[in-house]
Amino acid sequence: MKLSEGTRIRAREATWSNEFVTKLEESRLRDEQIRSLLALKLTEERANRYLDIVSAMPEGQTGPSLAWARPTTELGIRAVPGPNGLGMPEINIRTYGHVPDRWPYENDTPLGSHPTPGSYMPGPYSVYNKSEVWADGVDALYEDAIRERWIPATDIDWRALESQPEDLERAICQVCTLFAQHGLAEQKLLAAWEEKIAYGFHDVKDYLATQVFDAGRKVDVLRKRALANGGSLGQQGLGTLYRAWFGALKITELMVAINVVYKTYEVATFEKLAEIAPLAVDRDIFARLANDSRRHLEFGTRNLKYYVQHHPNGREYLMHFLNRSEAALADELMYSPTEGASLAIVLGGGVENLAAGAEKLRNHREDQLRKYLLLLDSVAVDRLPNVNLGLLGMARTAQPA
Amino acid sequence: MAAAPVSNPGLDLSWLNLDEWGARAEPGKRGLTLDDLITYGDAPIDANPAAKIGMRGAAPDARSPRHRNQYRTKADVWSDSARLLYEEAMQRQWSSAVDIPWEEVKPLSDDLEMAMCTLCTFLTQVEFIAGDLPGRFMGTVHPEQFETQLFLGSQLMDEARHEDVFRKRALVNGGGLVDAGFGSSNLLTADDFTEMTARLHLIGEGFVQTIFRMGELISTNEAEKRIYRLAAQDESRHLAFGVTHLKYLMDVEPARAEELHHYLDIQEGAIGQSNGSLTTNPATVEALAILAGGGIDKIDEGFQKLMVMRKKQINEYMHRLEVIGLSDRRDRMAPSMKVFLEPIV
């Protein structure tokens, strides 16, 4: 075999001797294998040792192909840890940080890599448009989620739970039952969509994995709380809320339904309970949950912002997504009134103060709606004229009343 | 268009009078774990007749809508270790950003660095598959067996972290990702929970775990050793879930043994006949041999070590099959794997 001119030039640049080049030409190695050895910057001595190994192989074998040594990717990357270690933002550099508007590959090729011809088999992905899933800073949110992790079994001071009046205990248990149930549904839906997101959006896939994990932790801690202080699980929630989640036809619709519409309400409720729950342990639990949910809401907000700014039909589609999501949430709150009733008891300080609790609940609903509308305002979506009348009604009148 | 307003159905405090009451789960040495709650309701053999979403033990709402695709039989999804493994996952989460001593990664010769980058590219590909597939099946777990769902959720997190840590390693030392070969998308053809468990958890995770546990052989510094050690710990949980699920299935539905063998036939065949695994994919085999040998000019030594790894993979796999109750697999194993089996002493 005679080396190609290009390989011969590279061998000369590598200071391989003419004698060694002749030995290579007389060997069983192919030109492309020798190019790989050159790409790996082997000295003549090491390349010679390798040649001896291949030469000792049984007749007919040409040794490793070494094709991977000459990739079409960008090399020479040296990511440097930042103040919070080597996070995803630190490695999202050069071609490895450039996320295209439309991901071109149908298999599990990672961002910055390219498929090897002959090894390219399509996978089950269907979300290829960046505008559908992207959120600026999602890489940092992923690292935040890991940094802020906590453990229900050992980070909550369960032994510090104290007895409280039965109506308050039942109300807290009821809240726990409902939001644990929501966590189950949230986890199922987010997990199910993971496999549809193209590999090039790995930052989003990674982030969603943290939210799946968070949702499980929510189920875990709330179930434990309901069963730890003399109470029990309460009434199952109706679950009509999930019609908007299971019924989401696009991933952005799911994100809007869970991470914008629902999460605004969830965050406000968790924050309220972190403030007013009678027991310190409960305040701690809901403060932790609120922190997690704020991250989810942040992702939802940034995703929405990116969507309306970059998807050609984003604004129009969004109106339909919001219509369906708001309607499902309103139906859940109205037809599954245990959440409102249990919150009213906690807000009022007991069943004997139900009227006051109901008024505080109205304030809470108004607060939830205001925060929701302000959030949409912040991404240039004026929702007030079209917001669901059920949600609006709950913010205007004490519900349940 | 906003939805039409719905009349206020009024105040309902009936839930205040539910009979279930008086649960006082007590934390043990490991805190308040899911096992500590079992006094107040274990997963039943058969799930509720209705496929609904609600917490096990909550008073049902008869109006609650149904959901398709939920398994009703515990054997389809259960592992007696799901609770324990979930709690262990919670305790053993780690951060690739700060728990890996990245400063220990020092410049390497190009053959070693590129071999490491080739391995990392492959692992970055397959780790997501190992998350996407359980994600598909989490929705099929009935809430009565929600502990399985929670465990799978922890696996999604683990696999995301593995995707991220191998990507970080590839991008931290002057290399980069290489061109992507076959990953393990073949696993995504699994159409049943138990099929997923047999092919992904038992075989896929099992084989990767063996490599990770032998990470000392292919590491060039303390950072890589730590990566393999921590990842192996995670994979051990996933593998344990697979083994204990399949064992539970064999204990309660032994008639499904042949079905299980069929799944194993599929996956063993895939491993023996395609480029879809760590130790049979040409690129990763070459990379592993270079890393194990300590350089391309010692690749022959690396291949010998790889054979040791391969043998270990197969024999550990066989041991797990025995634990599950499938000792007869020894005679039915794919020939390309069977040759590595050690004889019964």
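Each chain gets a letter, A, B and so on, in the order its sequence line appears, and its residues count up from 1. What you see is a predicted model; the values in this text were computed from it and never measured.
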Next on the checklist: Using heavy-atom distances under 4.5 Å, tell me whether A:L184 contacts chain B through its side chain, its backbone, both, or neither.
Outcome noted: both

Checklist entry - In chain order, what residues pass the side-chain contact (heavy atoms from CB on, under 4.5 Å) check against B:Q70, with sequence neighbours excluded? => result A:K188, B:A51, B:I53, B:H67, B:H142, B:P143

Item to check | Side-chain ion pair, A:E166 and A:R170, N-O less than 4.0 Å | outcome: yes

Next on the checklist: Is A:L66 in contact with chain B via its backbone, its side chain, both, or neither, using a 4.5 Å heavy-atom distance?
Outcome noted: both

Checklist entry - Using non-hydrogen atoms only, which part of B:L188 is less than 4.5 Å away from chain A: side chain, backbone, both, or neither? => result side chain

Next on the checklist: For B:R56, is there an ion pair with B:E147 - N to carboxylate O distance below 4.0 angstrom?
Outcome noted: yes

Checklist entry - Between A:T177 and B:M55, which heavy-atom pair has the shortest distance, and what is it? => result O-CG, 3.8 Å

Item to check | Which atoms of B:W102 approach chain A - backbone, side chain, both or neither, heavy atom under 4.5 Å | outcome: side chain

Checklist entry - So does A:R70 have more than 12 non-hydrogen atoms from other groups sitting under 6.0 Å from CZ? => result yes

Checklist entry - Under 3.5 Å, side chain of A:Q235 to main-chain N/O of B:P60, donor-acceptor pair present? => result yes

Item to check | Region of B:R66 that comes under 4.5 Å of a non-hydrogen atom in chain A | outcome: backbone

Checklist outcome for this item: Checked B:G176, B:S14, B:A23, B:G135 vs chain A; the most non-hydrogen pairs under 4.5 Å come from B:A23

Checklist outcome for this item: Okay, B:S109 and chain A: the region with an atom under 4.5 Å from a heavy atom over there is side chain

Checklist entry - Side chain, backbone, both or neither: which part of B:I129 has an atom under 4.5 Å from a heavy atom of chain A? => result both

Next on the checklist: Between B:E113, B:E103, B:M90, who has the most heavy-atom pairs with chain A when the cutoff is under 4.5 Å?
Outcome noted: B:M90

Checklist entry - For chain A, which of B:Q93, B:E87, B:E159 has the most heavy-atom pairs under 4.5 Å? => result B:Q93

Item to check | chain B contact via A:R217 - which portion, at a heavy-atom distance below 4.5 Å | outcome: both

Checklist outcome for this item: Heavy-atom nearest pair, A:A358 first then A:A344, reads N-CB, 4.1 Å

Checklist entry - Is it true that A:K205 and B:D132 make a salt bridge, defined as a side-chain N closer than 4.0 Å to a carboxylate O? => result yes

Next on the checklist: Between B:S95 and chain A, with a heavy-atom cut-off of 4.5 Å, which part of the residue counts as in contact: side chain, backbone, both or neither?
Outcome noted: both

Checklist entry - In terms of heavy-atom proximity below 4.5 Å to chain A, should B:D99 be classed as side chain, backbone, both, or neither? => result side chain

Checklist entry - Measuring heavy-atom distances to chain A, does B:R136 have an atom under 4.5 Å in its side chain, in its backbone, in both, or in neither? => result both

Next on the checklist: Under 4.5 Å from any heavy atom of chain A, what part of B:Q91 do you find: side chain, backbone, both or neither?
Outcome noted: both

Next on the checklist: Using heavy-atom distances under 4.5 Å, tell me whether B:E163 contacts chain A through its side chain, its backbone, both, or neither.
Outcome noted: side chain

Checklist outcome for this item: Rounded to the nearest 0.5 Å, the CG atom of A:N323 sits from the CG atom of A:N388 at a distance of 8.5 Å

Item to check | When A:W150, A:Y105, A:Y207, A:Y142 are compared by non-hydrogen pairs under 4.5 Å with chain B, the top option | outcome: A:Y142

Checklist entry - Please walk me through it: do A:D220 and A:K224 pass salt bridge (charged side-chain N to carboxylate O under 4.0 Å, His left out)? => result CA-CA 6 Å; A:D220 166 5; A:K224 285 173 179 169; 2.8 Å; yes

Checklist entry - Is chain B contacted by the side chain of A:E169, its backbone, both, or neither, given a heavy-atom distance below 4.5 Å? => result both

Checklist entry - Based on non-hydrogen pairs under 4.5 Å, which of B:T189, B:T39, B:I290, B:V141 is most in contact with chain A? => result B:V141

Checklist entry - A:T95 versus chain B, heavy atoms under 4.5 Å apart: side chain, backbone, both or neither? => result neither

Checklist entry - Of the backbone (N, CA, C, O) and the side chain (C-beta and beyond), which part of A:L37 lies under 4.5 Å from a heavy atom of chain B, both, or neither? => result side chain

Checklist entry - Between A:W193 and chain B, which part of the residue has a heavy atom less than 4.5 Å away: side chain, backbone, both or neither? => result neither

Item to check | Part of B:Y86 lying under 4.5 Å from any heavy atom of chain A | outcome: side chain

Next on the checklist: Looking only at side-chain N and O atoms, does A:T72 offer a donor or acceptor that is under 3.5 Å from a partner on B:D179?
Outcome noted: yes

Checklist outcome for this item: For A:R46, the side-chain hydrogen bond (donor to acceptor under 3.5 Å, both in side chains) test, sequence neighbours excluded, returns B:D111, B:D297

Checklist outcome for this item: If you tally heavy-atom pairs under 4.5 Å between each of B:P134, B:P65, B:G181 and chain A, the highest tally belongs to B:P65

Checklist outcome for this item: In terms of heavy-atom pairs under 4.5 Å with chain A, the winner among B:F137, B:Y40, B:F146, B:F128 is B:F128

